[in-house]
Amino acid sequence: MTAAPPQPQRVALPDGRLVAVTNPQDVLVWPSLSEDSPYADGIAGLRAGDVVVDVGAHIGLTALHFTDKVPGVRVLAFEPARRTHACLADNAARLMPGVRVFADALGAEAGTAELTFLPNHTMMATIVSDDADDERNMAAVLDNFGVDDDTREQFWREFREGAERYPVRVRTLAAVLDAEGVTDVGLLKIDVERGELPVLRGLRAGQWAGVRRVVAEVHAVDGNLDAVVELLHGQGFSTKVFQEDVFVGGSVHIVSAVRPGA
């Protein structure tokens, strides 16, 4: 029998709202969302009533950011990691009435996949494991923050401590949109640690016309970045690719795509 995830702790955002977290470091991304959001281009075209699909929603901070910026937006938030999903569900129930949560991964085909979950770095949960890429990206983060040698040594000792692996259900985005009766997606946001391309390939050709904007964190490994950009261009989007300062030297890039007229 699978043990139930522990009850999440809660910590306060700067505005006093309490958010459920897997560990306190989860909220460290909030300033980057609220002050210099990588999702700014995606949010720009949203209006009340639009649907946002948040793939890799983690504890829900991006969903909270979207609902703060565009009151009345509807969010479908996907997070398959058990502990993280418990936090997402708690936060959605208390803070985001327009957000529905799903404990599924999304991919190119329906089925099951093994998820790797690092309790000390829960934002790195993935069904597309690549230890070398993880280590390259975290080394870049440590370099860019100027972390001292002693702290680095402790970081690497604890990096994979308590790692968990377990099966999760995988659905296609096409099936989700069909089940939810969604034909127009104002923003498709993806942050799934190397699983970006399969998520995009999970849409049917006829559904792409209803997607107005895409913002994806894409790992430039195995030709993934080029393939994502090529797919989006083929579907009629203009794209912008950039790297946040914290990931310079690593593989993580942001791909922001807008359909003309959106």
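Between E153 and R157 there is a salt bridge, since at least one side-chain N of the basic residue sits less than 4.0 Å from a carboxylate O of the acidic one. Looking at R94 and D90, a side-chain N of the basic residue comes within less than 4.0 Å of a carboxylate O on the acidic one, giving a salt bridge. Taking a cutoff of 4.0 Å between a charged side-chain nitrogen and a carboxylate oxygen, R152 and D143 qualify as a salt bridge. Ionic pairing of E180 and R74 is present here: one or more N-O contacts between side-chain nitrogen and carboxylate oxygen are shorter than 4.0 angstrom. Between E164 and R83 there is a salt bridge, with a side-chain nitrogen of the basic residue lying less than 4.0 Å from a carboxylate oxygen of the acidic one.
Panel note: side chain E244, backbone V246; no donor-acceptor pair is recorded below 3.5 Å. Distance alone, capped at 3.5 Å, places no donor-acceptor pair between the N224 side chain and the E196 backbone. Side-chain N or O atoms of D54 include none that pairs as donor or acceptor with a backbone N or O of I190 at under 3.5 Å. Checking side-chain atoms of Q243 against main-chain N and O of V252 turns up a donor-acceptor pair under 3.5 Å. In terms of modelled atom types and a separation under 3.5 Å, the side chain of N120 and the main chain of E158 share a donor-acceptor contact. Although no hydrogens or angles enter the test, the distance criterion places no donor-acceptor pair under 3.5 Å between the side chain of T151 and the main chain of V147. In this structure a side-chain-to-backbone donor-acceptor pair under 3.5 Å is present from R259 to V211. K189 places a side-chain N or O within 3.5 Å of a backbone atom of G56 that can act as its donor or acceptor partner. Side-chain N or O atoms of T84 include none that pairs as donor or acceptor with a backbone N or O of H58 at under 3.5 Å. Judged by distance alone, the side chain of D134 and the main-chain N or O of M124 form no donor-acceptor pair under 3.5 Å.
Taking hydrophobic clusters as Ile, Leu, Val, Met, Phe, Trp and Tyr residues chained together by side-chain heavy-atom distances below 4.5 Å, L95 shares a cluster with V73. When the side chains of ILVMFWY residues are joined at heavy-atom separations under 4.5 Å, either directly or via intervening members, L231 and V218 end up in a single hydrophobic cluster. Linking Ile, Leu, Val, Met, Phe, Trp and Tyr whenever their side-chain heavy atoms come within less than 4.5 Å leaves F247 and V228 in two separate clusters. Follow the hydrophobic side-chain contacts under 4.5 Å out from V255 and you reach L200 in the same cluster. When hydrophobic clusters are built by joining Ile, Leu, Val, Met, Phe, Trp and Tyr residues whose side-chain heavy atoms come closer than 4.5 Å, directly or via intermediates, V185 is not grouped with V52.
The minimum heavy-atom distance between G42 and L46, with the atom names listed, is O-CG, 3.7 Å. Residues T116 and S129 come closest through the heavy atom pair OG1-OG, 2.8 Å. When every heavy atom of A179 is checked against every heavy atom of R171, the shortest pair comes out as CB-NH2, 4.0 Å. The minimum heavy-atom distance between A81 and A125, with the atom names listed, is CB-CB, 4.1 Å. Closest approach of V99 to A77, counting heavy atoms only: CG1-CB, 4.0 Å. Closest of all the heavy-atom pairs between N23 and P119 is ND2-O, 3.2 Å.
When side chains are defined from C-beta on, V215 counts as touching L187, because their heavy atoms get closer than 4.5 Å. Counting heavy atoms from C-beta on, the side chains of R160 and H121 never come closer than 4.5 Å. Using a 4.5 Å heavy-atom cutoff, the side chains of L173 and L188 are in contact. Contact of the V199 side chain with the T172 side chain is not registered, since no non-hydrogen atoms from C-beta on lie closer than 4.5 Å. Considering only heavy atoms from C-beta on, L64 comes within 4.5 Å of R17 through its side chain. Between P24 and Q9 there is a side-chain heavy-atom pair separated by less than 4.5 Å. Side-chain contact between P80 and D104 is absent, with no heavy atoms from C-beta onward closer than 4.5 Å. In this structure, D50 and V70 have side chains that are not in contact, with every pair of non-hydrogen atoms separated by 4.5 Å or more.
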For the pair V248 and N144, evaluate side chain to side chain contact (heavy atoms under 4.5 Å, CB included) and give the outcome as yes or no after the intermediate values. CA-CA 7 Å; V248 170; N144 292 325; 4.2 Å; yes

Please walk me through it: do D178 and Q207 pass side chain to side chain contact (heavy atoms under 4.5 Å, CB included)? CA-CA 10 Å; D178 287 344; Q207 292 173 309; 3.5 Å; yes

May I have the step-by-step check of ring pair (Phe, Tyr, Trp, His ring centres under 6.0 Å) for H65 and Y39, ending in yes or no? CA-CA 9 Å; H65 177 58; Y39 302 108; 7.2 Å; no

Check the pair V51, D184 against side chain to side chain contact (heavy atoms under 4.5 Å, CB included), reporting the backbone distance first and the verdict last. CA-CA 7 Å; V51 174; D184 185 90; over 6 Å; no

What verdict does the side chain to side chain donor-acceptor pair (under 3.5 Å) test give for T62 and D191, after you've listed the backbone C-alpha separation in whole Å, the side-chain angles of each residue and the deciding distance to 0.1 Å? CA-CA 10 Å; T62 50; D191 184 357; over 6 Å; no

Is there a side chain to side chain contact (heavy atoms under 4.5 Å, CB included) between V19 and V27? Walk through the geometry before answering. CA-CA 8 Å; V19 294; V27 299; 3.7 Å; yes

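The CZ atom of R82 sits 15.0 Å away from atom OG1 of T22, with the distance rounded to the nearest 0.5 Å. Of the inter-residue distances, the one linking L33 atom CG with F66 atom CZ reads 8.0 Å to the nearest 0.5 angstrom. Rounding to the nearest 0.5 Å places CZ of F102 at 9.5 Å from CZ of R169. D245 contributes atom CG, which lies 11.0 Å from atom OG of S32 (distance to the nearest 0.5 angstrom). Note that CG of D226 and CG of L197 are 11.0 Å apart. Values are rounded to the nearest 0.5 Å. Atom CG in N91 sits 7.0 Å away from atom CG in L61 (nearest 0.5 Å).
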Pair up each side-chain donor or acceptor in residues 135-142 with any protein partner under 3.5 Å, not counting sequence neighbours, and list the distances.
unit_1: R136; atom_1: NH2; unit_2: G250; atom_2: O; d: 3.4
unit_1: N137; atom_1: OD1; unit_2: S251; atom_2: N; d: 2.6
unit_1: N137; atom_1: OD1; unit_2: S251; atom_2: OG; d: 3.3
unit_1: N137; atom_1: ND2; unit_2: D133; atom_2: O; d: 3.1
unit_1: N137; atom_1: ND2; unit_2: D133; atom_2: OD1; d: 3.4
unit_1: N137; atom_1: ND2; unit_2: D133; atom_2: OD2; d: 3.4
unit_1: N137; atom_1: ND2; unit_2: S251; atom_2: OG; d: 3.1

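In the hydrophobic clustering (ILVMFWY side chains linked at under 4.5 Å, chained through shared members), V128 is joined by L115, F117, I127, Y166, V168, V170.
Pairs passing the side-chain hydrogen bond (donor to acceptor under 3.5 Å, both in side chains) check and including a residue from residues 231-242, sequence neighbours excluded, read D41-K240, H233-T239.
Side-chain N/O atoms of T122 and D26 include a donor and acceptor closer than 3.5 Å.
F78 and H85 have their aromatic ring centers separated by at least 6.0 angstrom. If you look at F242 and H253, their ring centroids are not closer than 6.0 Å.
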